[in-house]
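I have placed the structure first, in the form of C-alpha cells, so that the comments after it can refer back to it.
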Protein chains: 2
Amino acid sequence: MDRLSEMEAFAAVVDQGGFTGAAQKLGISKSAVSKHVSSLESRLGARLLNRTTRRVNPTDIGLVYYDRARSVLNAALQADAAVQGMQAEPTGTLQILAPSDYGACVLAPMVARYLEENPGVDVNLVLGHDLAEATRSDIDLSISLGAKPDSSLRSHKLDTVTRMLVASPAYLDRRGRPSRIEDLAQHVLLHQLESGNDPAWTLVSASGEARVVRTRGRLATNSGSCLKDSAIAGMGIAFLPDFLVSEAVARGQLQHAMPGLPAQTAPLFVAHAPSNGSLPRVRSFVQFLLDSYVEEPSVSDRAIA
Amino acid sequence: MDRLSEMEAFAAVVDQGGFTGAAQKLGISKSAVSKHVSSLESRLGARLLNRTTRRVNPTDIGLVYYDRARSVLNAALQADAAVQGMQAEPTGTLQILAPSDYGACVLAPMVARYLEENPGVDVNLVLGHDLAEATRSDIDLSISLGAKPDSSLRSHKLDTVTRMLVASPAYLDRRGRPSRIEDLAQHVLLHQLESGNDPAWTLVSASGEARVVRTRGRLATNSGSCLKDSAIAGMGIAFLPDFLVSEAVARGQLQHAMPGLPAQTAPLFVAHAPSNGSLPRVRSFVQFLLDSYVEEPSVSDRAIA
DNA sequence: GGAATTTTCCATAATATATGAACAGTATTT
DNA sequence: AAATACTGTTCATATATTATGGAAAATTCC
C-alpha cells in the first residue's frame, strides 16, 4: 500500500469533507479511498476520521496528522519538482569567468560548439581572473588554473595544463640553451604580469623542489599571446601554458628552452556555487566540458592515464 | 510501488554506498532494492545513480534528490511519531487553571474521578483567574466562565452556567421580593470581588437588554461560598452561579430573589494552547470533561438541547 | 418515520511484488 | 597477469495485494 497515496487519500477526504468527493478529486473509486484511509488508520493504530455517514470530521489526532501529511506531500512534490527542474532544457544566459589566455585560446572555440548544441542558452564569457570579477554574484561558473577552488564551491577537475619554457630557435642559438634552473639568471625572461604577484616564476626542479626564479626581463605584459609573439620574435624565454604555445612549437617557431626540466603542471578546474548546481544551463555546460575533455584529453593527462 | 519505500531504498543505497548493503540494512533482497530504485528512476525520468558494478555514485541529480527524499522521509517519520505520541498513555503533571468557585465546587470532584482513571497523571489545580496566573507558561489547560477564550487557544464549550439572584427566605420576607431590576437598588446586594472590576452586576432584563446594577453592600468577598453563607444568613441578595447555590435552594435555605428575571447564562469553556493539543494528558482530560458534561448536562444546556 | 446519501463490505479479476538464482562485469589480490 | 570475489541486473514464478462495481448497513435530513 503506497503510504503517500494513503496520505493523499486522507488529505483529500479532509479537504473535500467526504469520501465521495475525495474519490472524485483523486479519480479513483470510493472503495479505494475507504481502503486507503482504513489502511492508514490501522497502520497508525489510531482513528483519524469520525465517520457520521453523513459527514466526515477529522479526529483531533487526524487534525494534527493532516498537517504532517500535507508537509510530507509537499516535500515529495518539491522533490519531484527539483528533479524535473534539473532536467529541463537549459535556458538563460550562462555567465562564465575564465583566465584570459585560456578563455581566448581554448574556451572560446568550445563555447562556440556549446552554443550550437544548446540554442536556448546565451553565454557571457568574462575573461580575466580579478577577484572583483570572481565575486560577482551573477557568475554562474568559473574556471581556474592552478589553485583548487574554495571548498565551498562544487568543482570538477577538467585537465592538467603544462606550462613550459619556450624561446625561438634563433634566440637559443644566440644565447645558448639553459640546462639548469640557475642558468636562467643569464637569460632574458619574458614575464607575464599577474595582479599582486612579484615578477617571478616558481619552477619545480628535477629533484621535486620548488625553485623561485626572479624574472628580470625588459618586457612584461599580462597577455599570454603577446608574450608568445615576443618569444617567437626572439626577445627571450617565456613560461607559458601548452595550449598557448604548442602550435608554435609544432611549427618550429618556438622550442623548449630547457628540455631537461620536468613537466610544470597545474590542474584546471571548473567550479560553481552549490546553489547553481541544479541550474540546467550550469549542469549542461559542466557536462559539456567534462565530455569534451574526456574525448580529447591533453598530453599531460594522457600521460598520467 | 510504494513511493516512500522507493525513497527509502534509494537513500539507503546512497548511505551504504551499494545495493547489497542497502538490501541488508532494509532487510529485503537485492532484487527488490534494484527494482525500487529502477522504478523511482523511471518515474522521475532521470538517472539517480551511476552504477559501476563495483561502486555506486549518486548522480548530481541524485545528490539533490537524496536531500529532498531525506526530508520527505523525516517528515513522514515525524507524522507517525506525532500520532504515536498522541496515543501514548497520559503521564506527567497536568496544570489546570480554573475559577476559584467552579474549581472548588465542580472541578475538584471531577478531578478526583479523573485521577482514579488515569494513574499516570498528577494534577495541579490552580484556582483563581488572575491574569498573572493565566499567562503562566506551565499551565496546560484553563477553564473560563463567560468570555470565550482567545482565538489563539483551542477551546471547547463544556456547559452553560446560570447565575441567579438568591437570598434567604427570611431576608425576602423581611425586605420584600424585588420584581424589577430597579427594585434591587432598595436591597442589600452582596458583591463578589473580582480583580479590576467595579462593584456592579450586569443583568439581562426580560427585554433582552443588559442592565448594570451598582452593588452597594456592606459585605464583599472574593469567595463565592462565603457569599452564599452570607446570603443564607439573611444578609442580603447574592448573584451566584447555580453550581454554588442549587443545593441550598433545594434545601430551602435560599430562594430565587427575582423569579421573573430571565436566566442569566454564561458559557463555560475549557481551553489550551494549540501546542499542548497533542499532549496525551491534555487530550485525555479535555475528553474526560466533554464526556462528563455530555453524560450529565446542566439544566440550562438540557433546555437548549 | 421515511428517504436519500454516504460509507463500508465483498468477491473477483487484474496487477504488481518479492524472491532466489543465474548472468555479466569490474576491482582486488595473489 | 590471471583468478577470484563481489557487485548490480535480469528473469520466471509464486505470492500478495490492489482496484473495482455493486450490495448492504447506517445515519442524517426532511
Side-chain angles (χ1 to χ4, degrees), chain A residues 1-59 61-63 65-66 69 73 76 294 304-305, chain B residues 1-63 65-66 69 73 294 304-305:
Chain A
M1 183 78 75
D2 184 7
R3 286 170 284 175
L4 279 185
S5 297
E6 290 177 352
M7 293 186 192
E8 279 170 354
F10 167 67
V13 169
V14 173
D15 285 339
Q16 306 293 321
F19 284 66
T20 305
Q24 286 179 1
K25 186 185 174 191
L26 297 175
I28 58 178
S29 65
K30 292 178 291 186
S31 321
V33 177
S34 176
K35 280 196 156 193
H36 275 167
V37 175
S38 295
S39 163
L40 179 58
E41 286 181 327
S42 79
R43 191 167 60 76
L44 294 174
R47 194 157 202 72
L48 258 35
L49 297 171
N50 275 330
R51 284 90 150 168
T52 72
T53 338
R54 194 72 178 181
R55 179 143 232 82
V56 170
N57 278 27
T59 302
I61 290 188
L63 219 52
Y65 190 74
Y66 175 82
L73 293 172
V294 164
I304 290 172
Chain B
M1 185 76 77
D2 183 9
R3 287 171 283 175
L4 278 185
S5 296
E6 289 177 353
M7 293 186 192
E8 280 171 353
F10 167 67
V13 170
V14 174
D15 284 339
Q16 305 293 321
F19 284 64
T20 305
Q24 287 179 2
K25 185 185 174 189
L26 297 174
I28 58 179
S29 64
K30 291 180 293 187
S31 323
V33 177
S34 176
K35 280 196 155 189
H36 275 166
V37 175
S38 294
S39 164
L40 179 58
E41 287 181 329
S42 80
R43 190 167 59 77
L44 294 173
R47 195 157 202 71
L48 258 33
L49 297 171
N50 276 328
R51 285 90 151 167
T52 71
T53 335
R54 194 71 180 181
R55 179 142 231 83
V56 170
N57 279 25
T59 302
D60 42 3
I61 290 188
L63 221 50
Y65 189 74
Y66 175 82
L73 294 172
V294 164
I304 292 172

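FYI, side chains are in, hydrogens and waters are out, and symmetry mates aren't considered; it's all heavy atoms of this structure. Letters go in sequence order (proteins before strands), and every chain restarts at 1.
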Requested in this report: Rounded to the nearest 0.5 Å, what's the gap from CZ on B:Phe19 to CG on B:Leu26? Could you check?
Outcome: 11.5 Å
Requested in this report: Please check if the side chain of A:Ser29 supplies one atom and the backbone of A:Ala32 the other of a donor-acceptor pair under 3.5 Å.
Outcome: yes
Requested in this report: Let me know the distance between CG of B:Asp2 and C1' of C:dA18, rounded to the nearest Å.
Outcome: 14 Å
Report task. For B:His36 and for B:Lys30, locate the closest nucleotide of DNA chain C by heavy-atom distance; then report the residue assigned to the nucleotide nearer the 5' terminus. Result -> B:His36
Query raised in the report: Of the candidate nucleotides C:dT19, C:dT8, D:dT20, which contains the atom at the shortest distance from the side chain of A:Phe19?
Result: C:dT8
Requested in this report: Under 4.0 Å between any heavy atoms, over every strand shown, what does A:Val33 touch: base, sugar-phosphate, or nothing? Just pick one.
Outcome: nothing
Report task. Please report, rounded to the nearest Å, how far the P atom of C:dT17 is from the CD atom of B:Glu8. Result -> 15 Å
Query raised in the report: Roughly how far apart are A:Leu48 CG and A:Tyr66 OH, rounded to 0.5 Å?
Result: 12.5 Å
Report summary line: Whole-Å distance, A:Asn50 CG to D:dT28 C1', equals 16 Å
Query raised in the report: Could you state the CD-C1' distance from A:Gln24 to D:dA19, rounded to the nearest angstrom?
Result: 17 Å
Query raised in the report: Please give, in whole Å, the distance from D:dT18 C1' to A:Leu26 CG?
Result: 16 Å
Report task. Report which part of the nucleic acid B:Ser31 touches: base, sugar-phosphate, or nothing (heavy-atom distance under 4.0 Å, all strands). Result -> base
Requested in this report: Measure from the side chain of A:Thr20, starting at C-beta and using heavy atoms only, and say which of D:dG8, D:dT20, C:dT6 lies closest.
Outcome: C:dT6
Requested in this report: Return the 5'-most residue of the pair A:Gly27, A:Arg51 with respect to DNA chain D, ranking by each residue's nearest nucleotide.
Outcome: A:Gly27
Query raised in the report: Roughly how many Å is it from CD in A:Gln16 to P in C:dT6, rounded to a whole number?
Result: 13 Å
Query raised in the report: Looking at C:dT7, D:dT20, C:dT19, which one has an atom nearest to any side-chain atom of A:Ser29?
Result: D:dT20
Requested in this report: Starting at atom CD1 of A:Ile28, determine the distance to atom P of C:dT15, rounded to an integer number of angstrom.
Outcome: 17 Å
Query raised in the report: From A:Ser38 OG over to A:His36 NE2, what is the distance, rounded to the nearest 0.5 angstrom?
Result: 10.5 Å
Query raised in the report: Expressed in angstrom and rounded to an integer, what is the separation of B:Arg3 atom CZ from C:dT17 atom C1'?
Result: 17 Å
Requested in this report: Side chain of B:Met1 only, please: which of C:dT7, D:dT20, C:dT17 is the nearest?
Outcome: C:dT17
Report summary line: The nucleotide from C:dA18, D:dA19, D:dT9 with an atom nearest the side chain of B:Lys35 is C:dA18
Query raised in the report: In Å and rounded to the nearest 0.5 Å, what is the CZ to CG distance from B:Arg55 to B:Leu49?
Result: 12.5 Å
